[in-house]
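Along the sequence shown, residues are numbered consecutively beginning with 1.
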Amino acid sequence: MKRALLIFVLGLSASALADDAQDPDALQRALEPADDLTALPAPRGTPLLDVLYGIDVYGSLTVGYTANLAGVSGRAHNRFRLSDQDANAFSIPFARVGVRRVLSGYEEWDLGFGLELAAGHMVPDAFGDDGLFERSALNVPQAYIDLQLPTPLPVRVRAGRMYLPFGVESVDPAENPHFSHSFLETYMPRTVTGVSLGVDLSETLSYTQYVVNGWDQVVDENSAKTFAGQLAWRPSASALFTLDWIAGAEREDSNSDARWALQAGVRWQARRDVELRAAVLYGEENFTSPVPQLVGDVDAAFGGFTVSLKKSFLYDEVEGFHHLSFAVRGSCFEDEHGARTGLDQSLGEVTATLELRPIEAAAIRVEYRRDFSSRGDAFLGGRGELSRDAQDTLSFSVSAQF
């Protein structure tokens, strides 16, 4: 079954090369990698010390209410969720404000920087015990400086804490077709602290190498480093293919037992009103299993896939955006020995999201989601006990961006 799903996703990806978008300029904005906070390049000839030119201030706010249809109420009672984990409660899952200066992208010296502040109910789980902010509801997911070298192939060096563009979703719910996150996004790294080196190999192909402290770590838990990379290919303005990898020792008590993951992703704007996002993941980890029957360290595999399709309606020719859209997503996640979720299980979900945009910068969403597990004790029942193999939720959310 996994092989069939992989063939299905890769087949959809390859078909992107045969169809151009109807509106390439509009599509380019939609195809920015998840959490790759870039803007339009500055004009040629920007002086090195003119750091005040091209500064961009941005931000977003998401407010939501998620009802668990089993009647469960409480903090983090929607299990294995990220942005909508609170059951039958209003919350501000994520809000952020940042300032950045993007490199010019030309063969010249240039400086850039980024600083971002994030807050919300999902922030402690999104960025984890990072060694600096611990599990605070307030965090600094980005604080970096950029240096551009005047080489024939543009080279960019970044140092500090930064988002790791792993996969096809953003940590910010306002940037995604759905309010909730897929299981792949929920259990993958989101930030890294260290150094990255990016180079444009051609007009359509680029590679970025990372040497960092670890998954979501500002202060590392051990003395070993983690290595990651992304190969990105943009054959047209309507398609983006990525191959991401990460490997390193992530345990506090070991500098050698590694966790690694490899993920292939595609974002394809098939037409102005149709968007596809898909990813396939496989990883392994050597760790101390939480399963009582296993003693000592074990080698565990984890992985899965996600596919999301969004269809938009009511295009505003004057403002250049759609007022209405409908998105569906399916994903699965295999977690051997509970390496990522804490339970030895197979997880799956189906999600349907209806979005209304009265203005381009604001979205109102209604979302139904069903999660299911291979275990009968994965989800909470009406009495608050772990007694169900599935959970159903209905969410209402409002997001605004600037």
Interatomic spacing from [atom1] in [X] to [atom2] in [Y] - rounded to 0.5 Å:
X      : Y      : atom1 : atom2 : result
Phe179 : Thr353 : CZ    : OG1   : 10.0 Å
Arg365 : Leu354 : CZ    : CG    : 11.0 Å
Gln345 : Ser373 : CD    : OG    : 4.0 Å
Phe80  : Thr186 : CZ    : OG1   : 11.0 Å
Leu309 : Phe326 : CG    : CZ    : 9.5 Å
Glu355 : Ser325 : CD    : OG    : 4.0 Å

For [X] and [Y], which heavy atoms make the closest approach, and how far apart are they?
X      : Y      : result
Ala301 : Tyr282 : CB-OH, 3.5 Å
Pro173 : His181 : CG-CE1, 4.1 Å
Phe321 : Pro358 : CZ-O, 4.2 Å
Ala232 : Leu240 : CB-CD1, 4.3 Å
Leu262 : Trp245 : CD1-CB, 3.9 Å
Leu184 : Leu281 : CD2-CB, 3.8 Å

Can you tell whether the side chains of [X] and [Y] come within less than 4.0 Å, N to carboxylate O?
X      : Y      : result
Arg357 : Glu319 : no
Arg156 : Asp200 : yes
Asp86  : Arg75  : yes
Asp110 : Arg101 : yes
Arg329 : Glu349 : yes

Within 45° of the six-membered ring axis of [Y] and under 6.0 Å from that ring's centre, is NZ or CZ of [X] located there?
X      : Y      : result
Lys311 : Phe313 : yes
Arg272 : Tyr315 : yes
Arg190 : Tyr163 : no
Arg158 : Phe113 : no

- Task: Could you walk me through whether Ile92 and Val63 pass the side chain to side chain contact (heavy atoms under 4.5 Å, CB included) test, one step at a time?
- Result: CA-CA 5 Å; Ile92 300 177; Val63 179; 4.2 Å; yes

Under a 3.5 Å cutoff, is there a donor and acceptor pairing between the side chains of [X] and [Y]?
X      : Y      : result
Thr208 : Gln230 : no
Asp172 : Ser60  : yes
Ser331 : Thr306 : no
Asp371 : Gln391 : yes
Gln209 : Ser196 : no
Glu367 : Thr351 : no
Thr393 : Arg369 : no
Glu107 : Gln148 : no
Asn88  : Asn68  : no
Ser397 : Ser395 : no
Asn78  : Gln85  : no

Do [X] and [Y] make a side-chain contact, defined as non-hydrogen atoms from C-beta onward lying under 4.5 Å apart?
X      : Y      : value
Trp260 : Glu284 : yes
Asp389 : Phe372 : no
Gln142 : Arg161 : no
Pro235 : Phe241 : yes
Phe94  : Leu61  : no
Thr62  : Val398 : no
Met188 : Trp215 : yes
Leu164 : Tyr210 : yes

Under 6.0 Å between ring centres: does that hold for [X] and [Y]?
X      : Y      : value
Trp233 : Tyr207 : no
Phe90  : Tyr65  : yes
Tyr187 : Phe333 : yes

Sub-3.5 Å donor-acceptor pair from the side chain of [X] to the main-chain atoms of [Y], do we have one?
X      : Y      : result
Asp335 : Arg340 : yes
Gln263 : Ala279 : no
Glu285 : Arg259 : no
Asn213 : Val218 : yes
Asp377 : Leu386 : no
Asp316 : His322 : no
Arg388 : Ala390 : yes
Arg277 : Val168 : yes
Asp392 : Leu69  : no

- Message: The test is side chain to side chain contact (heavy atoms under 4.5 Å, CB included); show your working for Arg234 and Glu203 and say whether it passes.
- Response: CA-CA 8 Å; Arg234 288 179 181 268; Glu203 292 184 357; over 6 Å; no

- Message: With salt bridge (Lys or Arg N to Asp or Glu O under 4.0 Å) as the criterion, how do Arg267 and Glu169 come out once you've worked through the C-alpha distance, each side chain's angles and the decisive distance to 0.1 Å?
- Response: CA-CA 10 Å; Arg267 293 181 64 179; Glu169 292 181 62; over 6 Å; no

- Apply the test side chain to side chain contact (heavy atoms under 4.5 Å, CB included) to residues Val171 and Thr191: give CA-CA distance (whole Å), side-chain angles for both, the deciding distance (0.1 Å), then the verdict. CA-CA 10 Å; Val171 67; Thr191 68; over 6 Å; no

- Let me know which of Arg135, Arg81, Arg79 forms a salt bridge (Lys or Arg N to Asp or Glu O under 4.0 Å) with Asp125.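 For Asp125, the salt bridge (Lys or Arg N to Asp or Glu O under 4.0 Å) test succeeds with only one of Arg135, Arg81, Arg79, which is Arg135.
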
- Neighbour count above 12 (heavy atom, 6.0 Å) for Ile145 CD1: no

